[in-house]
Structures are given as structure tokens and as C-alpha cells.
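Below, all heavy atoms of this structure are taken into account, side chains as well, without hydrogens, waters or symmetry copies. Just so it is clear: chains get the letters A, B, ... in the order the sequence lines come, proteins before strands, and each one is counted from 1. Small disclaimer: the values here were computed from a predicted structure and weren't measured.
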Protein chains: 2
Amino acid sequence: MSLPRNTKAKQAVLDEINRSTYALSQPELFERVKGTCDRVTVYRILDRLVAENKIHRIVNVDGTLNYAACNQCDTHNTHAHDHLHFSCLECKKIECLSEQSVHVQLPSHYQIKELFLTISGICPTCQGG
Amino acid sequence: MSLPRNTKAKQAVLDEINRSTYALSQPELFERVKGTCDRVTVYRILDRLVAENKIHRIVNVDGTLNYAACNQCDTHNTHAHDHLHFSCLECKKIECLSEQSVHVQLPSHYQIKELFLTISGICPTCQGG
DNA sequence: TAATTAATGCAACCTAGTTGCGTTTTGCAA
DNA sequence: TTGCAAAACGCAACTAGGTTGCATTAATTA
């Protein structure tokens, strides 16, 4: 097995993800760490961070991939994917609604790996008037 | 308002979607109606069919977009998105699990538009052995 | 059956993500 | 502290999915 190494670029990407209140896409992340590394490196760093269970990948309702560090995962040191994500159609931000509970009657004969539960709509900030 | 027209290409795409037991991507659909029309036309037909509420768009867990005609929508002539989708990690097929119920405690202060509830794993067919 | 305009074909373009390869850097161990 | 293996990187080129502009074709309906 290969053992992961820490680099400035990797730390910079992880810092940005941790700092953000919503999930970030690769283009957004690259913009934020600009100057630190190449855009290809950002892709590779994200793959590694996901493999190391440091962050997780959320698919937005439009198909774009976003990356977030969920609070649940931080505190329990395990990936809990059985919570809701909210995807705002206006600002395009996607965030975890970890306090909301979901009860899914799982299908039989199917081997479950992960649950992807996303609600689309307008977030409180974008509704603000 | 512009009134939609029916063309052979549009009908061919819709037929393929109705015929299929799982959601199809644009590349898959283009392959199946090959010779009928250009690939750009398939994209435009899919956009129109979604706008006309004839089909709906499902995001796969890997971010690819797929198109399906759910049974629920056909029978009730309304788009019901509060049911589960199953996304197989092996054959990549995505299908509706319309008989399964989901109870989601909706968040307050958020304006809900649609629910995207997808389970990833291995489907019965791919487990078979 | 003629007129309106929705729908199409084609070429060019865009964005997200991947691959190959030679170079740099990290972390461990001598 | 220095040497070394391989993890990580930069760069260039490439691929796939999807979009746009515009001139042409064809579906409606009057």
C-alpha cells in the first residue's frame, strides 16, 4: 500500500473545503487555491482526499460534482451518508442538512452501498427579501 | 407560447425511453436512434421532452444524466419525484423503485422543489450467480 | 396548399475531467 | 544529515458530454 503524503497544495485544498459552509466544485476550488498548484493537481488531490475519507463527493442535481467535509464525518470519524443534502437552484450551492432525519424503506434483493438524498429548491438566503 | 411539434426523431427518442426498463443517457439514446437524427438534435429533443413533462431527468451517482419515463408519471399524469431510484454500480443502470416509500422530514425555511432520492449498490441482476 | 416558425444539421466551441511522462518533493531510513 | 524510493507534481495533449449560431428543412393550421 502507498502511504499518503502531505503537501502544501493538499493542505490548501483541504483548508478551503473545511472553511466553506457548502460543497465546492473543482473549478471553485482551483480558483481559491490559484497559484498553489496546477488544475490537474486539484483533481488528483480531490481523488486522494476522497480515498482517504477526509472529504466526500456530492453529486449536484445538475450532475456537477462537489466536495464537502461533513460535520458528522469529522466528529464520528466515519462516513455517514444517510442524511439530506440541499441543493439551491438559485445560487447553486449544496449543503448538508445533517440534523434532518430520513426514513427509507430499503428495497429487498438489492445490495445497498450508499444513500444519496438531495432536495432541490431555494435556500433561505436566496429567498431573503 | 410556442406549441410543440411531433417529429419522427422526437417520437423515436420517446419510444426508446418508454421501451427501456431503466433510465438512458444521451449517448445511449443517440446510439439507439442512430440514423434518425444528429446528436445535437437528441440533446434538444431531451430538453423539450423534459419541459413537456413527458420524461424526467435523473442524475446518476457518478454525475451522468439519464432520462426515464416513470410509470407513476404516466398513470397519474403528474410528476412524482418522491420515490426512490436505484443506481447499480456494476451495470450502471438506474431504475425507479416506485413501490418503495420514503419518509423525509423536510427542512423548514427551505423552499422545496424536488426530491432526489437515489440508492447506489448492486442490482439483483448483477448479483445473480 | 401556402405561410409561419418549430425543428434540424452541421460546424465550431466550451467545460469538466483524464492520461502520459518527465521532473520535483516528501518522508523514511541508513 | 544525507540518500533514496516513490508519491506528488507540472505540462501538454486528449476525451467526453454538452452548448451555440446560423442557415436549411419540415410540421402545423389557416
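Between atom CG of residue Leu24(A) and atom CZ of residue Phe30(A) there is a gap of 14.5 Å, rounded to the nearest 0.5 Å. One finds the CG atom of Asp62(B) at 6.5 Å from the OG atom of Ser87(B) (value rounded to the nearest 0.5 Å). Atoms CG and OG, from Leu46(A) and Ser25(A) in turn, are 9.5 Å apart once rounded to the nearest 0.5 Å. Within the model, atoms OG1 of Thr7(B) and CD1 of Ile45(B) stand 5.0 Å from one another, a figure rounded to the nearest 0.5 Å.
A sub-4.0 Å separation between OP1 or OP2 of dA26(D) and a side-chain N or O of Arg5(B) is absent. Considering only side-chain N and O atoms, Thr7(B) lies under 4.0 angstrom from the phosphate OP1 or OP2 of dT8(C). Here Lys8(A) reaches the OP1 or OP2 of dT26(C): one of its side-chain N or O atoms lies under 4.0 Å away. Taking side-chain N and O atoms only, Arg48(B) has a distance below 4.0 Å to OP1 or OP2 of dT8(C). Contact annotation: Thr41(A) side-chain N/O to dG10(D) OP1/OP2 distance is under 4.0 Å.
Taking every side-chain heavy atom of Arg44(A) into account, dC9(D) is the closest of dC9(D), dT19(D), dT28(D).
The interatomic distance linking Tyr43(A) (OH) with dT15(C) (P) rounds to 12 Å, in whole Å. Rounded to whole Å, the distance from CG on Leu3(A) to P on dA29(C) is 10 Å. Atom CD in Glu28(A) sits about 10 Å away from atom P in dA16(C), given to the nearest Å. In this structure, Lys10(A) atom NZ and dT25(C) atom P are separated by 17 Å, rounded to whole Å. Here the C1' atom of nucleotide dA6(C) and the CG atom of Asn6(B) are 12 Å apart, to the nearest Å. Computed from coordinates, the Asp47(B) CG to dG17(D) P distance equals 16 Å when rounded to whole Å. What separates CZ of Phe30(B) from P of dG18(D) is a distance of 13 Å, to the nearest Å. The nearest whole Å value for the distance from the CG atom in Asp38(B) to the P atom in dT20(D) is 16 Å.
Judged by distance alone, with hydrogens and angles left aside, Arg39(A) brings no side-chain donor or acceptor close enough to the base of dG10(D) to form a pair under 3.5 Å.
Distance alone, capped at 3.5 Å, places no donor-acceptor pair between the Lys8(B) side chain and the Thr36(B) backbone.
Along DNA chain D, the nucleotide nearest Glu52(A) and the nucleotide nearest Gly63(B) are compared for position; the residue whose nucleotide lies closer to the 5' end is Glu52(A).
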